[in-house]
K.L.:
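Have a look at this one before I ask anything.
What's counted below: heavy atoms across the whole structure, side chains too, no hydrogens, waters or symmetry copies. Fair warning: this is a prediction, and the values are worked out from it, not measured in the lab.
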Amino acid sequence: MHRWSKLFVPTLREAPADAEVASHKFLVRSGYIRQLGAGIYSYLFLGQRSINKIIGIVREEMDKIGQEFLLPAIHPAEIWEQSGRWTTMGQNMFRLQDRKGAWLCLGMTHEEVMTDIARKELRSYKQLPQIWYQIQTKFRDEPRPKSGLLRVRQFIMKDAYSFDLDAAGLDKSFDLHDQVYRTIFTRCGLDFVAVEADSGAMGGSQSQEFMVYTDAGEDLIVSCPKCHYAANIEKAISRLSPVIDLAPTGDGKPELVSTPGIATIADVAKFFSISEAQDIKCVAYMAETKSSKGESAWNPVAVFLRGDHQVNETKLLGLVKAVDLRPMQAEELERYIHGPAGFLGPIGLQHAKALGDEGLVVIADHALEGRENMVCGANKLDYHYRNVTPGRDFTWTVAVDVRNVVEGEGCPQCGSPLKVAKAVEVGHIFKLGYKYTESMGARVLDPNGKEVTPIMGSYGIGIERILTSAIEQSHDANGFWLPRSIAPFEVVVTITNATDANLVPIGERIAKDLEAAGFDVLLDDRDERAGVKFKDADLVGIPYRINVGKKAAEGRVELVTRSTATSEDVAIADVVTALRNTAGVA
RNA sequence: CGGGACGUGGCUCAGCCUGGUAGAGCACUCGCUUGGGGUGCGAGGGGUCGGCAGUUCAAAUCUGCCCGUCCCGACCA
C-alpha cells in the first residue's frame with residue numbers, strides 16, 4: 001500500500017502557460033510528467049505507474065501471439081543504408097558520430113534491426129512464421145513537437161514484426177495483430193476505431209490505423225455513420241454529387257477570354273458567373289525523389305482538379321513516389337507550364353507519357369473525368385479558356401484520386417453523407433511486403449529447397465498515446481479519470497482528517513482490506529485539509545475514492561465514482577463488495 | 001523551413017512603452033489557527049530578470065546577435 005504522505009506527487013494548482021490540450025495540462029498538473037526539453041519529458045511516479053499498467057496489458061496480450069525482444073536504441077548507419085532509409089528518413093532521424101567518426105542513429109523504428117536478425121538467423125520455412133516484438137524507446141526529431149505527450153521526440157512504442165513464408169501467412173499475422181490490438185485498446189478502456197490508412201514512408205500495402213476521436217488529434221478521419229466505412233483522410237475516397245456542366249458557347253471549342261487580374265478560383269467563378277466546381281484548378285509542384293543511393297532529384301508535377309477541391313499531398317507523394325513536395329516558383333511555372341501563376345491551365349501541355357518517365361507529370365483528378373465545358377487558365381497572363389472538355393481538349397499522364405474528401409460527400413460504400421473528425425493514432429498495423437527482407441537480403445529455403453524472401457509485417461502501438469487519449473476522452477474542469485486498468489491506482493482512500501486519531505486506523509484498515517481484495521490502493525494520509533485532498537484526488541486520474549470521515553463513527557464511509565461524480569454511503573464492512581460492484585469487478 | 005508570440009524566485013504573472021534600490025498571488029519554512037471541497041493571521045527564505053555584446057553616469061527596461069519554449073503555417077496559382 002502506498003501512503004500519499006510519503007510519495008512525490010507534485011500537483012499544481014495552475015497549468016503551465018504553454019500547455020494547450022487537456023492531457024498536457026492535466027499530466028503536468030497531476031504530477032505525472034515534467035518537461036525536460038521540447039518534446040522530451042520525464043515520467044514521475046504516477047505517470048510511470050500508469051505507463052507500466054499500459055505496458056503490462058500490451059505485453060500480456062502480445063505474448064499470446066509473439067515473443068518479446070529488446071533491441072538496441074542506437075544503430076549503425078550501415079543497416080539503414082542497406083534498407084535505403086538512411087536518406088529517405090531525412091531530418092526526422094537523430095544522427096550522431098562515434099569517436100571514430102562512424103555514423104550512428106537513434107532508432108525511430110526497428111524494421112532494419114529485426115530484419116538484420118532475421119537474415120542472419122532464419123534459414124528455413126520451418127522456422128516461419130515468426131512474430132517478434134519489443135517495448136522500447138523511440139527517437140524522432142519531430143519538426144514540431146507539441147501538445148504534451150501527443151507529439152514528442154522521445155516516446156515508448158510497442159513495435160512488432162512478422163516474418164512469413166508467403167502472402168497468405170502475412171494475412172494471418174496481420175489478422176492476429178488486428179484482433180490483439182482490439183483486445184488491448186478495449187482493455188485500456190479506449191473508445192477507438194480502426195481505419196484504412198496510408199502506408200507512407202514505411203512502405204507496404206495494406207495498412208490500418210487504430211484511432212481515438214479527439215479534437216486534440218492531428219489526423220482527420222473520414223467515416224460513414226451508416227455503414228462501417230472509415231479511413232484516414234490521407235486515404236479516404238468518396239462519391240460526388242453530379243455537377244451540372246455548362247452549356248457550350250459559340251462553336252463549343254475552347255475559347256480564349258480576356259480576364260484581366262482574375263487570378264484566383266473565387267474571382268474566376270465570379271467573373272464567369274459559374275460555380276467553383278465548373279472551374280479547373282492547377283496546383284504545380286516540384287516533387288523530390290531519392291534514389292537508394294540518396295541522390296536527390298526534383299521533378300515537375302502539375303495537378304489539375306475541380307476548382308472547389310483540394311490536393312491531398314499524401315496521396316500525391318505516394319503516387320509519384322516522392323519524399324517531398326514544394327510549390328513551383330515563377331520561373332519553374334514558366335519553364336514547365338509556360339504560364340504565370342493565376343492563369344495556369346492544362347491545354348497544350350507537353351507531358352510525360354507514364355509515371356516515372358522524363359518531363360512534366362500531369363495528373364488529372366478523377367472528378368474531372370467526364371466533365372464538359374469547364375473554365376481554366378490559358379497559360380497566358382490575364383486570359384482563361386472556356387468550353388474546355390477534359391480528354392478532348394487536353395490529356396494527362398494519369399487520372400487518379402488526389403483530392404481531399406470533404407464532410408458531407410457520399411460514402412464510397414453506401415452513399416450516406418460522410419463525417420470528418422479529428423483523432424489520435426494509437427496503433428498502426430501494416431503489411432510491409434518484401435521491402436526490408438529484399439533490400440537487406442533475408443532468405444529462407446521453402447519446402448522445395450528453393451530460396452525465397454520472407455514477407456514482413458510491422459505493427460506499432462504508441463504507449464503514451466494510450467494514456468493521453470484516455471485523458472482527452474475523460475476529463476472535466478477539475479482533472480481527469482482513467483479507466484481502472486491503466487490508472488496509477490484503482491482507488492484512493494481519503495482520510496479526511498489525518499489528525500483524528502479515530503479516523504486513521506479505520507482508513508488504514510479499509511485500505512488494507514481493499515488491497516487484500518486485489519485492488520491497487522493509495523491511502524491519502526496527509527495532514528492536509530479535506531478540501532485539498534479532495535481536489536488532488538479529483539485531479540490525478542484515480543477512478544474511485546473512499547472518503548473516511550464524519551460518518552465513520554457510525555460505521556459508514558463514502559464511495560465516490562470520479563467519472564460520474566456520484567457518491568454512495570456504504571458500511572465499512574461492505575467496502576470491498578461495494579467497490580467490486582461499482583467498479584464492475586468480476 | 002516560413003510567420004508570430006514569449007523568456008522576470010518552483011508555478012502563474014506584473015514591471016519594460018517613458019532606463020534610476022526587483023514586485024504580487026500561489027508554492028516553500030516557522031509559529032499560532034482551522035479541520036468535509038485548494039482555512040485564516042503573522043513572521044521568514046528564495047531571483048545571474050534566458051545568454052553574450054553594445055548604447056549609457058546608470059539596463060529587467062533601449063539596440064544587435066545567439067539560445068530556449070510555445071502557437072500558426074508549410075496545398076489552391
K.L.:
Using a heavy-atom cut-off of 4.0 Å across all strands, would you classify A/S147 as base, sugar-phosphate, or nothing?
P.N.:
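It contacts sugar-phosphate atoms only.
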
K.L.:
How long is the line joining CZ of A/R13 and C1' of B/C28, in whole Å?
P.N.:
13 Å

K.L.:
Using the C1' atom on both, measure B/G51 against B/G45 and round to a whole Å.
P.N.:
27 Å

K.L.:
Using the P atom on both, measure B/G44 against B/A24 and round to a whole Å.
P.N.:
12 Å

K.L.:
Select one nucleotide: of B/G36, B/C75, B/C70, the one nearest the side-chain heavy atoms of A/Q35.
P.N.:
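Nearest listed nucleotide: B/C70.
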
K.L.:
What does A/E276 touch in the nucleic acid at a heavy-atom separation under 4.0 angstrom: a base, only the sugar-phosphate, or nothing?
P.N.:
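No contact.
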
K.L.:
With hydrogens left out and only the distance checked, is there a donor-acceptor pair under 3.5 Å joining A/E14's side chain and the base of B/G10?
P.N.:
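Side chain to base: no pair present.
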
K.L.:
When the P atoms of B/U33 and B/G46 are compared, how many Å lie between them, rounded to an integer?
P.N.:
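Roughly 28 Å separates the two P atoms.
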
K.L.:
Now, which nucleotide makes the Watson-Crick or G-U wobble pair with B/G31, with each of the two distances under 3.5 Å?
P.N.:
B/C41

K.L.:
Walk me through whether A/K422 and A/D219 qualify under salt bridge (Lys or Arg N to Asp or Glu O under 4.0 Å).
P.N.:
CA-CA 6 Å; A/K422 283 183 176 179; A/D219 284 288; over 6 Å; no

K.L.:
Under 4.0 Å, counting only non-hydrogen atoms across every strand here, what does A/D500 touch: a base, just sugar-phosphate, or nothing?
P.N.:
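No contact.
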
K.L.:
Could you walk me through whether A/F394 and A/Y385 pass the ring pair (Phe, Tyr, Trp, His ring centres under 6.0 Å) test, one step at a time?
P.N.:
CA-CA 12 Å; A/F394 66 93; A/Y385 280 117; over 10 Å; no

K.L.:
Pairing check on B/C65: which nucleotide meets the Watson-Crick or G-U wobble criteria with it, both distances under 3.5 Å?
P.N.:
B/G51

K.L.:
If the C1' atom of B/C13 is compared with that of B/A53, how far apart are they to the nearest Å?
P.N.:
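Result for the C1' pair: 29 Å, nearest Å.
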
K.L.:
Could you walk me through whether A/T259 and A/H384 pass the side chain to side chain donor-acceptor pair (under 3.5 Å) test, one step at a time?
P.N.:
CA-CA 6 Å; A/T259 53; A/H384 280 76; 2.8 Å; yes

K.L.:
Answer yes or no: does a side-chain N or O of A/R529 lie under 4.0 Å from OP1 or OP2 of B/G37?
P.N.:
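Indeed not, no polar side-chain atom of A/R529 lies that close.
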
K.L.:
Scan A/P16 against the nucleic acid and name what it touches under 4.0 Å (heavy atoms): base, sugar-phosphate only, or nothing.
P.N.:
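Sugar-phosphate, no base atom in range.
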
K.L.:
Which of these nucleotides, B/G36, B/C75, B/C71, is closest to any side-chain atom of A/Q310?
P.N.:
B/C75

K.L.:
Respond yes when some side-chain nitrogen or oxygen of A/Q329 is under 4.0 Å from OP1 or OP2 of B/A77, and no when none is.
P.N.:
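Looking at the OP1 and OP2 atoms of B/A77, neither is under 4.0 Å from any side-chain N or O of A/Q329.
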
K.L.:
Scan every strand shown for a Watson-Crick or G-U wobble partner of B/G2, both distances under 3.5 Å, and answer none if you come up empty.
P.N.:
B/C72

K.L.:
Please pick, from B/U12, B/G37, B/G35, the nucleotide with the shortest atom-to-atom distance to any side-chain atom of A/A17.
P.N.:
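Taking heavy atoms from C-beta onward, the closest nucleotide is B/U12.
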
K.L.:
By nearest atom, which of the nucleotides B/C70, B/C75, B/G36 is closest to the A/A38 side chain?
P.N.:
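In terms of side-chain proximity for A/A38, the closest of B/C70, B/C75, B/G36 is B/C70.
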
K.L.:
What's the gap between B/G68 and B/C49 when it is taken at their C1' atoms, as a whole Å value?
P.N.:
15 Å

K.L.:
What nucleic acid atoms does A/K146 come within less than 4.0 Å of, heavy atoms only: base, sugar-phosphate, or nothing?
P.N.:
sugar-phosphate

K.L.:
For atom P, what is the distance between B/C6 and B/U12, given to the nearest Å?
P.N.:
16 Å

K.L.:
Would you measure the distance from the P atom in B/U69 across to the matching atom in B/G31 and give it in whole Å?
P.N.:
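Pairwise P distance, B/U69 against B/G31, rounds to 41 Å.
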
K.L.:
Can you check the A/L44 CG to B/C11 P distance for me, whole Å?
P.N.:
14 Å

K.L.:
What does A/G339 touch in the nucleic acid at a heavy-atom separation under 4.0 angstrom: a base, only the sugar-phosphate, or nothing?
P.N.:
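Contact class for A/G339: none.
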
K.L.:
Whole angstroms only, please: what is the CG-C1' distance between A/L220 and B/C75?
P.N.:
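A/L220 atom CG is separated from B/C75 atom C1' by 14 Å.
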
K.L.:
In whole Å, measure the gap between the C1' atoms of B/G64 and B/G25 for me.
P.N.:
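Looking at atom C1' only, B/G64 and B/G25 are 36 Å apart.
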
K.L.:
Using a cut-off of 4.0 Å on non-hydrogen atoms, how would the nucleic acid contact of A/L316 be classed: base, sugar-phosphate, or nothing?
P.N.:
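No contact.
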
K.L.:
Given atom CD of A/E528 and atom P of B/U39, what is their separation to the nearest angstrom?
P.N.:
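To the nearest whole Å, that distance equals 8 Å.
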
K.L.:
So what does A/R29 touch, heavy atoms closer than 4.0 Å: a base, only the sugar-phosphate, or nothing?
P.N.:
base

K.L.:
CD of A/E20 versus P of B/C6: gap in Å, rounded?
P.N.:
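Rounded to the whole Å, the gap is 15 Å.
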
K.L.:
Crowded around A/Q91 CD? As in, over 12 foreign heavy atoms under 6.0 Å?
P.N.:
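No - once you tally the heavy atoms of other residues, nucleotides and ligands closer than 6.0 Å, there are 12 at most.
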
K.L.:
State whether the number of non-hydrogen atoms from other residues, nucleotides or ligands found under 6.0 Å of A/K235 atom NZ is greater than 12.
P.N.:
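Result for NZ/A/K235: open.
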
K.L.:
For A/R545, answer base if it contacts any base atom (sugar-phosphate contacts may also be present), sugar-phosphate if it contacts only those atoms, and nothing otherwise; contact means non-hydrogen atoms under 4.0 Å.
P.N.:
base

K.L.:
Need one value for A/N312: base, sugar-phosphate or nothing, where a base atom within 4.0 Å counts as base even if backbone is also close, heavy atoms only.
P.N.:
nothing

K.L.:
When you check the side-chain N and O atoms of A/D141 and A/N92, is any donor under 3.5 Å from an acceptor?
P.N.:
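No - no donor-acceptor pair under 3.5 Å links their side chains.
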
K.L.:
If B/G10 has a Watson-Crick or G-U wobble mate with both distances under 3.5 Å, name it; if not, just say none.
P.N.:
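Paired with B/C26.
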
K.L.:
Does A/F271 CZ have over 12 foreign heavy atoms under 6.0 Å away?
P.N.:
yes

K.L.:
Rounded to whole Å, please give me the gap between NZ in A/K25 and P in B/C71.
P.N.:
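The distance from NZ of A/K25 to P of B/C71 comes to 12 Å, rounded to the nearest Å.
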
